[in-house]
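If you read the sequence from its start, that first residue is 1, and numbering goes on from there. For ligands, and for the atoms within them, numbers begin at 1 and follow the listed sequence.
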Amino acid sequence: MAIRFEGNIFHLTTDHTLYQMGLDAFGVLYHLWYGEKTECSMCYLYHYPDVGFSGNPYEAGKLRTYSMDTLPLEYATEGNGDYRIPAAAVVNSDGSCALDLRYESYEIREGKYEIPGLPAVYADEAQAQTLEIHMRDAVSGLAVTLKYGVLEADDVITRSVVFENRGEQPIRLTRAHSMCLALPDGAWDWMHFHGRHTMERQMERRELFHGIQQIGSTRGTSSHQQNPAVILCERDCTETSGCCIGAALMYSGGFQAQIEVDQMEQVRMVLGIDPETFSWTLAQGECFYTPEVILSCSTQGLTKLSQQFHSVIRNHVCRGSYQLSARPVLINNWEATYFDFDEEKILSIAKQASELGIDLMVLDDGWFGKRDNDCSGLGDWTVNEQKLKGGLGALIEKVNALGMRFGLWFEPEMVSEDSDLYRAHPDWALRIPGRNPVRSRYQLVLDLSREDVRAYLYESISRLLRENHIEYVKWDMNRSICDWYSAFLPTERQSELPHRYILGLYELLERLTTEFPDVLFEGCSGGGGRFDAGMLYYCPQIWCSDDTDAHERTFIQYGTSFFYPVSTVGSHVSAVPNHQTGRITSLETRGTVAMAGSFGYELDLNLLSEEEKHTVSEQVKHYRQMQMLIHDGRYFRLSDPCKDEMAAWSFVSEDQSQVLVQGVIYRACPNTLRCRLRLRGLNAQAHYRIAGEKQVYSGSALMAGGILLPRAAGDDVSFELYLELVKKA
Ligand code: GLA
């Protein structure tokens, strides 16, 4: 049994971890432990003195050591004498802000709960159990259910919360986080992933300080600037040792993660929807569902933690025909043509691509409406016959005749002021009456909270997918959102709009991906501006970054790898000098870096020399041979690119018989010894041969001593080694 309730203690066990909560005599639920599996109640760790200025609940009487301000509350709320960061806060109908949750009952069920209208981890009955703990505020009648999904074999615990107004008066939620986590002391680091457009998910690791540290997004999207995923790790935690806990929010809108080290050196982390851009009124009988958090803990360092996230995202988050199957190698015309193309140009790229073995031609921005630059056309999802004279069907037929599949770019959530859609429905865009809207890339955002807007988008996109042989959709979203005002919502509900937008987006995606399960949906938001577990529920891959420079990509892909599996990382070889940085790297280096993902090209292949074309066709063949090892294998980070002057990673098959080691050495150094790279995850007792070499090495030697890397001739030189287990004679 993964979940037990014994002696007022909830035990949630996975193969290697334990999550424990206790109930006290006052009906308060407090957190006891999340970490290595033990057989014991961890209550003994908690002893509280009488702490000055930390008050006591009335019912505690003379018990001055009992304070909400010091207890490791399982789901902390505002207004009950706890002055630390709350997970939930309300405004009651009388204007007061108190919320005091006490235990009522619990339920344990086989299988994993679902969340109405929101993406959530899914699992078979045999793979997961659900715990629901029902709490209630006796005065307002607000009922709060804490949900826990335990995926035992995956070492994963999911969290979500349901608020139900069982009182008679409306209650306004001003903060409704998906989780709260208490840790016994403050000797932790935290890691988060910050960035900007073309520079996403740069890993930053810091010691926790006393007080509140916070990341988040108020942009209406999960954002390039911060990713909605955080790691807490012991100070001495490394890739291969130490305890670490990861929390990934399955949500694509604004979010907030806060961590507080309190006066007693205890740590509290909360994670959920951004409260700055959120409040939600619950009328009598209404429910509010928070998004899900995926939690996982490793006591063997960060690589193991990442592998746990990779596995749960690949097997229990991503869906559709492409969830686990080989992804097509694609060619995208964006960096080859930008807006300047016609049918002939696209076909010339497709023809060359098909000759080199590429599977799928993706037609990017500019094929629809009046769209010759980024000032116009968004919203008009009808083909631009000036560019594509015979229409979309004729182009697709010709691409298919080359033996290639066809994919199409959309940016459904946006509208250009210069579009037929905007002229017909100006109220469909988010804008505040009497104020000019903020433009970004000259575009405005459609109000996806409106059913008529979603119906229009569903009709336009599904018609195109039904009438044409389109096998891939790139779902782009190219701005941050502001001007939160919906012509459709009453005044008191305007603050619900950012979340209603995301609910609308998810409803639309659910409808389309269910109706077209064989279409590969690739998410995108100016590259990786919405790279989160919520989008991955609908799109099994996401364009990782608009920065296609191989050198920069090693940092972006390194940061991405902490939570997200390589199969989800869209990654392309592009032209040099690189369009974002001007850097020149070899075709080999660009190929190696792009192969650590879902692989493709994004350049005009006709401009390559014969020798380069040959290299491309060899790369495509090689990727096909290695793809399942890359996507199904365990991923190991073998270097820290910020410290080691090198990016190195490997893929090891489940049975440890095949190993692919790849990387980029950033800088050539004269007169040095060859670099040594220690491998990980091999069978220490087994023997391996490096392809092309005669010598045999033991797994233990390769992990302790390492391999000698080829000497780099030049900067940003890539390497790749393939190792196979040597069968015993
Ligand atoms: C975004 C995407 C690019 C490309 C352009 C088209 O920036 O990330 O890949 O599709 O939009 O406008």
- Test side chain to side chain contact (heavy atoms under 4.5 Å, CB included) applied to Thr221 - qualifying residues, sequence neighbours left out: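 For Thr221, the residues satisfying side chain to side chain contact (heavy atoms under 4.5 Å, CB included) (neighbours in sequence not counted) are Arg219, Ser223, Met477, Arg530.
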- Check: Phe651 ring centroid to Tyr635 ring centroid under 6.0 Å: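 Distance test on ring centres: under 6.0 Å, yes.
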- With no hydrogens and no angle check, do the side chains of Tyr322 and Ser567 hold a donor and an acceptor under 3.5 Å apart?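 No donor-acceptor contact under 3.5 Å links the two side chains.
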- Message: Do Glu588 and Ser718 pair up side chain to side chain, a donor and an acceptor below 3.5 Å, judged on atom types alone?
- Response: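 Looking only at side-chain atoms, Ser718 and Glu588 do not form any donor-acceptor pair under 3.5 Å.
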Enumerate, one pair per line, all nitrogen or oxygen atoms of ligand 1 lying under 3.5 Å from a protein nitrogen or oxygen, stating the separation to 0.1 Å; write 'none' if no such pair exists.
{"unit_1": "ligand 1", "atom_1": "7 (O)", "unit_2": "Asp546", "atom_2": "OD2", "d": "2.7"}
{"unit_1": "ligand 1", "atom_1": "8 (O)", "unit_2": "Gly527", "atom_2": "N", "d": "2.9"}
{"unit_1": "ligand 1", "atom_1": "8 (O)", "unit_2": "Asp546", "atom_2": "OD1", "d": "2.5"}
{"unit_1": "ligand 1", "atom_1": "8 (O)", "unit_2": "Asp546", "atom_2": "OD2", "d": "3.1"}
{"unit_1": "ligand 1", "atom_1": "9 (O)", "unit_2": "Lys474", "atom_2": "NZ", "d": "2.7"}
{"unit_1": "ligand 1", "atom_1": "9 (O)", "unit_2": "Trp543", "atom_2": "NE1", "d": "3.3"}
{"unit_1": "ligand 1", "atom_1": "9 (O)", "unit_2": "Asp546", "atom_2": "OD1", "d": "3.4"}
{"unit_1": "ligand 1", "atom_1": "10 (O)", "unit_2": "Asp364", "atom_2": "OD1", "d": "2.6"}
{"unit_1": "ligand 1", "atom_1": "10 (O)", "unit_2": "Asp364", "atom_2": "OD2", "d": "3.2"}
{"unit_1": "ligand 1", "atom_1": "10 (O)", "unit_2": "Trp409", "atom_2": "NE1", "d": "3.0"}
{"unit_1": "ligand 1", "atom_1": "10 (O)", "unit_2": "Lys474", "atom_2": "NZ", "d": "3.0"}
{"unit_1": "ligand 1", "atom_1": "10 (O)", "unit_2": "Asp476", "atom_2": "OD2", "d": "3.3"}
{"unit_1": "ligand 1", "atom_1": "11 (O)", "unit_2": "Asp476", "atom_2": "OD2", "d": "2.9"}
{"unit_1": "ligand 1", "atom_1": "11 (O)", "unit_2": "Asn478", "atom_2": "ND2", "d": "3.1"}
{"unit_1": "ligand 1", "atom_1": "12 (O)", "unit_2": "Asp365", "atom_2": "OD2", "d": "2.6"}
{"unit_1": "ligand 1", "atom_1": "12 (O)", "unit_2": "Arg441", "atom_2": "NH1", "d": "2.9"}
{"unit_1": "ligand 1", "atom_1": "12 (O)", "unit_2": "Arg441", "atom_2": "NH2", "d": "2.9"}

- Message: So, applying side chain to side chain donor-acceptor pair (under 3.5 Å) with Thr548, which one of Thr198, Asn578, Thr581 is it?
- Response: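 Exactly one option meets the side chain to side chain donor-acceptor pair (under 3.5 Å) with Thr548, and it is Asn578.
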- Task: Apply the ring-ring contact (aromatic ring centres under 6.0 Å, His included) test between His572 and each candidate in Trp334, Tyr601, Phe599, Trp543; give the one that qualifies.
- Result: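 Of the listed options, the one satisfying the test is Trp543.
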